[in-house]
Amino acid sequence: MTYSVGEIWLLIALLGIGTYLVRLSFLGLIGRRRMPDWVLRHLRYTPVAVIPGLVAPLAVWPAATGGEVDLPRMTAATVTLVIAYWTKNMLWGVFAGAGALALLLNLS
Amino acid sequence: MASTTSKSAFRQGIVAGLPFTVFAIPFATLFGVVAAEAGLNVVQTMAFSVLVIAGASQFTAVQLMSENAPVWIALAAALAVNLRMAMYSASLQPHLGALPFGKRALVAYCNVDQSFAVGMARFEAEPGMTLNEKFAFFMGSVLPVMPLWVLFTWVGAVAGAAIPDAWALDFAMPILFLALVGPMLRTLAHVASAATSVAVALLLAGLPTGMGLLLAGLAAMIVGAEVERRMGH
């Protein structure tokens with residue numbers, strides 16, 4: 001990481017303030033005014049829109065292999081997603097994915 | 001009399017919040033570990049968990065920091081993950097909006113996924129609750145989770161420094177993110193949104209760090225909302 005100490009604190013502070021203002025928005029700042037439906041509809045998808053895009057390049061071109069597609073990591077990624085989806089439980093996904101990765105890395 | 005019912009609402013809130021500790025403890029520990037691996041010191045890591053208190057967003061920020069994305073891109077992506085909380089704020093407003101500003105400011109700080117879910121479920125199930133009971137219940141529901149979130153971030157940050165590289169921790173973050181996404185894929189619209197995000201992010205991977213992600217997020221939001229609209233929810 002090449003972030004300077006100042007940049008690290010800047011990011012923490014702005015993210016903290018920004019997140020707080022989002023949390024406070026309707027409770028403290030905007031009050032009873034209703035948000036248009038189309039805005040609500042878009043907000044509903046923010047986590048699911050950002051996180052998969054963040055993880056996809058990491059899973060397909062892992063840093064640990066210098067960006068080469070890696071079968072154990074790809075398999076572990078798939079196992080994690082399938083188990084987490086199927087059980088509706090994040091922790092089972094983590095355990096299954098980490099287990100699969102440990103197993104495959106030790107086999108290869 | 002009012003204070004007795006508020007006290008019991010507070011206790012009920014604590015009970016309702018307890019199950020979330022099972023999730024918060026490993027999640028916070030992992031955040032501490034990952035942040036330490038990325039090169040943040042203990043104070044910076046703790047500042048994340050105290051000031052931001054939003055796991056997915058904290059992980060997003062740390063991941064982009066370790067990829068050396070520009071500050072504003074890391075900020076935009078991590079903040080985008082938290083935009084859903086504006087929706088929480090709007091839903092809580094009819095229930096808690098009549099509180100004095102100081103209390104509303106406190107509710108906002110504690111407006112996290114868990115307290116929102118538990119609080120809204122209770123307020124809707126029991127329309128007879130008074131304003132003070134609702135406030136007491138809401139605050140009770142975060143009491144088990146928030147201190148543990150902070151404490152175990154610290155545990156992870158301290159432990160992270162001692163973990164050997166052989167543990168393939170490089171892949172802890174992808175596994176964690178995928179495990180977070182799995183349960184979010186509740187409807188076709190969510191699946192379409194996630195698939196768009198993956199496709200656009202991979203296609204635009206050549207752009208400067210983080211740019212592809214912002215565009216992928218934007219496209220995926222639009223696709224999710226559009227699929228939902230066409231499905232007529």
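Computed from heavy atoms alone, side chains included, the values below leave out hydrogens, waters and symmetry copies. Chain identifiers are assigned alphabetically (A, B, ...) following the order of the sequence lines, protein sequences preceding nucleic acid strands; residue numbering begins at 1 within each chain.
- Here the shortest heavy-atom pairing between B/Met221 and A/Ala49 reads N-CB, 3.6 Å.
- By the 6.0 Å contact criterion, CH2 on A/Trp61 is enclosed, its count of non-hydrogen atoms from other residues, nucleotides or ligands being greater than 12.
- The shortest non-hydrogen separation linking B/Leu178 to A/Ala84 is O-CB, 4.3 Å.
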Can A/Met90 and B/Phe27 be said to form a side chain to side chain contact (heavy atoms under 4.5 Å, CB included), step by step? CA-CA 10 Å; A/Met90 175 206 169; B/Phe27 201 32; 3.4 Å; yes
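- Once rounded to the nearest 0.5 Å, the distance linking CG of A/Leu101 with CZ of B/Phe171 reads 6.5 Å.
- You'll find the side chain of B/Phe177 stays beyond 4.5 Å of the side chain of A/Thr80, heavy atoms only.
- Residues A/Met1 and B/Met65 come closest through the heavy atom pair CG-O, 3.4 Å.
- When heavy atoms are compared at a cutoff of 4.5 Å, A/Val60 approaches chain B solely by way of its side chain, counted from C-beta outward.
- For the pair A/Val48 and B/Ser197, the tightest heavy-atom approach, listed with the atom from each and the gap, is O-CB, 4.3 Å.
- Scored by the side-chain hydrogen bond (donor to acceptor under 3.5 Å, both in side chains) test, A/Arg41 finds no partners at all (sequence neighbours excluded).
- Taking CE of B/Met173 as the reference point, atom CG of A/Leu54 lies at 7.5 Å (rounded to 0.5 Å).
- For B/Leu213, the part lying under 4.5 angstrom from a heavy atom of chain A is the side chain only.
- Both the backbone and the side chain of A/Leu40 come within contact range of chain B, with heavy atoms under 4.5 Å apart.
- The backbone N or O of A/Arg44 sits nowhere less than 3.5 Å from a side-chain atom of B/Arg84 that would complete a donor-acceptor pair.
- Note on residues 25-34 of chain B: no pairs pass side-chain hydrogen bond (donor to acceptor under 3.5 Å, both in side chains), not counting sequence neighbours.
- When side chains are defined from C-beta on, A/Val94 counts as touching B/Leu176, because their heavy atoms get closer than 4.5 Å.
- For the atom pair A/Thr19 OG1 and B/Tyr109 OH, the distance stands at 11.5 Å (nearest 0.5 Å).
- The CE atom of B/Met87 sits 13.5 Å away from the NE2 atom of A/His42 when rounded to the nearest 0.5 Å.
- Using a 4.5 Å cut-off between heavy atoms, A/Trp38 makes no contact with chain B at all.
- Closest heavy-atom contact between B/Ser89 and A/Val22: CB-O, 4.0 Å.
- Contact count against chain A (heavy-atom pairs under 4.5 Å) is highest for B/Ala105 among B/Ala105, B/Ala216, B/Ala199, B/Ala201.
- Within a 6.0 Å sphere centred on OH of A/Tyr20, other residues, nucleotides and ligands contribute more than 12 heavy atoms.
- Between A/Tyr3 and B/Ala74, the shortest heavy-atom distance links the atoms OH-CB, 3.8 Å.
- A donor-acceptor pair under 3.5 Å links the side-chain atoms of B/Arg104 to the main chain of A/Leu27, judged by distance alone.
- Residue B/Asn41 holds its CG atom at 7.5 Å from CD1 of A/Ile8, rounded to the nearest 0.5 Å.
- Note: A/Leu58 CG to B/Ile175 CD1 = 11.5 Å, rounded to the nearest 0.5 Å.
- With a threshold of 4.5 angstrom between heavy atoms, A/Trp9 approaches chain B through side-chain atoms but not through N, CA, C or O.
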Show your reasoning for whether side chain to side chain contact (heavy atoms under 4.5 Å, CB included) applies to B/Ile53 and A/Arg23. CA-CA 11 Å; B/Ile53 349 161; A/Arg23 287 186 164 121; 4.0 Å; yes
With side chain to side chain contact (heavy atoms under 4.5 Å, CB included) as the test, would you mind laying out the steps for A/Leu91 and B/Val22 before giving the verdict? CA-CA 9 Å; A/Leu91 290 179; B/Val22 179; 4.3 Å; yes
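- Among B/Val71, B/Asn82, B/Val107, the residue with the largest count of heavy-atom pairs under 4.5 Å with chain A is B/Val71.
- Using a 4.5 Å cut-off between heavy atoms, B/Pro70 touches chain A through its backbone atoms (N, CA, C, O) alone.
- A/Asn89 touches chain B through its backbone: at least one of N, CA, C or O sits under 4.5 Å from a heavy atom, while the side chain does not.
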